[in-house]
Protein chains: 2
Amino acid sequence: MRMSEGVEWALHSCLLMAWQGDDPVSTAKIAAAFDLPSSYLNKQLQALAKAGLVSSTSGPRGGFRLARPPQQITLLDVVEAIEGPEDAFRCQEIRQQGAGASFPKAEFRERCAIAAAMRRAEAQWRQSLAAQTLADIQSTVDGKAPHAGPRMRNWLATAGA
Amino acid sequence: MRMSEGVEWALHSCLLMAWQGDDPVSTAKIAAAFDLPSSYLNKQLQALAKAGLVSSTSGPRGGFRLARPPQQITLLDVVEAIEGPEDAFRCQEIRQQGAGASFPKAEFRERCAIAAAMRRAEAQWRQSLAAQTLADIQSTVDGKAPHAGPRMRNWLATAGA
DNA sequence: GGACGGCTACTCGGATATCGCTTGTCCGAGTAAATGCGG
DNA sequence: CCGCATTTACTCGGACAAGCGATATCCGAGTAGCCGTCC
């Protein structure tokens, strides 16, 4: 089980946009800031746009910016925008195949106990992700490295010159 | 992010072995019970054996059986045996690439706040999985469908004749 | 009748192909700013 | 000098390939039970 690296890209991109406020940032700038392939990063940002997390602007001085304040964007929002809303564990109901096929169907009214247990675990995971917003991450970083945000903002301004 | 379907196979196989007690069950039997490709299922069971969750016996009347009582096998044990112990989210430290490469390295002594948040979420997931054992699943099933276990056991005995 | 040796069939175990999804790249449509011209 | 049409360059957006891991399959090594034979 491996999460797409696009999630890490999207999270860092969102954090960068949070620091940037309402100023749009182009895909090329973000790609340069983290040394990533810009075309593929664009794909991830498009996914964020489709999910309504960021808004896009075309043309010169265009780019992406957060569609909502950082307090209203959870990590779960970003992860689901990239990875999709489906559970990692997908119950295929194999208990009903083979031997189970010869048993009365009424037996399977109750949900598979294994799937239920896995679902509980994933619910914990989602809850933890939903409890943290971009603003929380910002606060954490500001607390430990207060100049990280402004400096990145400055780098973006000078690199574009 | 998608979990290997081998996890579902392994969990159901372990539950079947739990019902079967110390009686070894061959890969072919389990595959027939759930209508799965036996050769590939064998690969998953080998992974369980390598992790020390099940023990294997060769030759006629051979097969796999649980290496420990069901109370001592957690869902996390099974999941990690199949999927590996690594986190789903892998921090690539992209914050140190691009713009970050020109910043003093001392800046990055603190762990990436994003990676830390993702790690917390996964810890919750693992904790939930570790809190449930095969015996718990057995109890749940026995409570809702008391004859499921014995009937499966009977099916295995008659199908082999 | 009992014991022993060989045989057979069944099991795991790992090496070997195939497939789908993540990853990566490309080019076109659209837009806003910049520019040059005319008044 | 000011306003406007044209040009230009920059942006997103989606369509088109490549690489890698999960999936699926096969065959060989080893073992326990069975059978026939011999004592």
Side-chain angles (χ1 to χ4, degrees), chain A residues 1-10 13 17 20 23-32 34-51 53-65 67 79 81-84 86 88-90 92 94 156 159-161, chain B residues 1-10 13 17 20 23-32 34-51 53-65 67 79 81-84 86 88-90 92 94 156 159-161:
Chain A
M1 183 178 52
R2 187 177 158 181
M3 186 172 293
S4 164
E5 60 185 347
V7 171
E8 184 183 9
W9 299 5
S13 298
M17 288 185 258
Q20 207 65 3
D23 214 3
V25 195
S26 72
T27 301
K29 288 276 185 67
I30 304 178
F34 297 121
D35 194 25
L36 301 174
S38 62
S39 296
Y40 187 36
L41 175 62
N42 189 329
K43 201 189 192 91
Q44 315 295 349
L45 295 176
Q46 280 179 39
L48 294 180
K50 247 177 194 169
L53 297 181
V54 304
S55 65
S56 62
T57 309
S58 288
R61 300 286 297 168
F64 294 90
R65 62 173 163 272
V79 170
I82 303 296
E83 290 285 344
E86 298 178 8
F89 181 87
R90 327 256 173 107
Q92 311 273 40
I94 63 173
L156 285 173
Chain B
M1 183 178 51
R2 187 177 158 181
M3 186 172 294
S4 165
E5 60 184 348
V7 171
E8 184 182 8
W9 300 5
S13 298
M17 287 185 258
Q20 208 65 2
D23 214 2
V25 194
S26 71
T27 301
K29 288 277 185 66
I30 304 178
F34 298 122
D35 194 26
L36 302 174
S38 61
S39 295
Y40 187 36
L41 174 63
N42 188 323
K43 198 187 193 92
Q44 315 293 349
L45 295 176
Q46 281 179 38
L48 294 180
K50 246 176 194 169
L53 298 181
V54 304
S55 65
S56 62
T57 310
S58 289
R61 300 287 297 166
F64 294 90
R65 62 173 164 273
V79 170
I82 302 296
E83 290 286 343
E86 299 178 7
F89 180 88
R90 325 257 173 104
Q92 310 273 43
I94 64 173
L156 285 173

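Only a predicted model underlies this, so the values are computations on that prediction, with no experimental measurement involved. In what follows, chains carry the letters A, B, and so on, assigned in the order in which the sequence lines appear, proteins first and then strands, with residues in each chain numbered from 1.
For B:L36 and D:dT23, the CG to P distance is 12 Å, given to the nearest whole Å. Residue A:R90 contributes atom CZ, which lies 10 Å from atom P of C:dC21 at whole-angstrom precision. In this structure, the CG atom of B:L41 is 13 Å from the P atom of C:dG13, given to the nearest Å. Rounded to an integer number of Å, the gap from A:D35 CG to C:dG24 C1' is 15 Å. Here D:dT23 presents its P atom at 5 Å from CD of B:E5, a figure rounded to the nearest Å. One atom, CD of B:E8, and another, C1' of D:dA22, lie 16 Å apart when rounded to the nearest Å. If you take CZ of A:R65 and C1' of D:dC12, they are 13 Å apart, rounded to a whole angstrom. The distance between atom CG of A:N42 and atom C1' of C:dG24, rounded to the nearest whole Å, is 13 Å.
Nearest-nucleotide positions on DNA chain C place A:S4 closer to the 5' end than the other of A:S4 and A:S58. Where A:R2 and A:P60 meet DNA chain C, the nucleotide closest to each residue was compared, and A:R2 sits on the side nearer the 5' end. The residue among B:E83 and B:S38 whose nearest nucleotide of DNA chain D is located toward the 5' end is B:E83. Residues A:Q46 and A:M1 both approach DNA chain D. Their nearest nucleotides, taken by heavy-atom distance, put A:Q46 toward the 5′ side.
A search for side-chain hydrogen bond (donor to acceptor under 3.5 Å, both in side chains) contacts involving A:R61 returns nothing, not counting sequence neighbours. Here A:R2 pairs with nothing under the salt bridge (charged side-chain N to carboxylate O under 4.0 Å, His left out) rule; sequence neighbours left out.
Not a single donor-acceptor pair under 3.5 Å links the side chain of A:Q92 to the backbone N or O of B:E5.
Closest approach of A:V54 to A:M17, counting heavy atoms only: CG1-CE, 3.8 Å. Annotation for B:A31 and B:L41: closest pair N-CD2, 3.6 Å, computed over non-hydrogen atoms.
Base engagement by A:S39 is indicated by at least one non-hydrogen atom pair under 4.0 Å involving a base atom.
For B:S56, counting side-chain heavy atoms from C-beta on, the closest listed nucleotide (C:dG13, C:dG14, D:dA24) is C:dG13.
For a distance-only test at 3.5 Å, the side chain of A:K43 qualifies as a donor-acceptor partner of the base of C:dG24.
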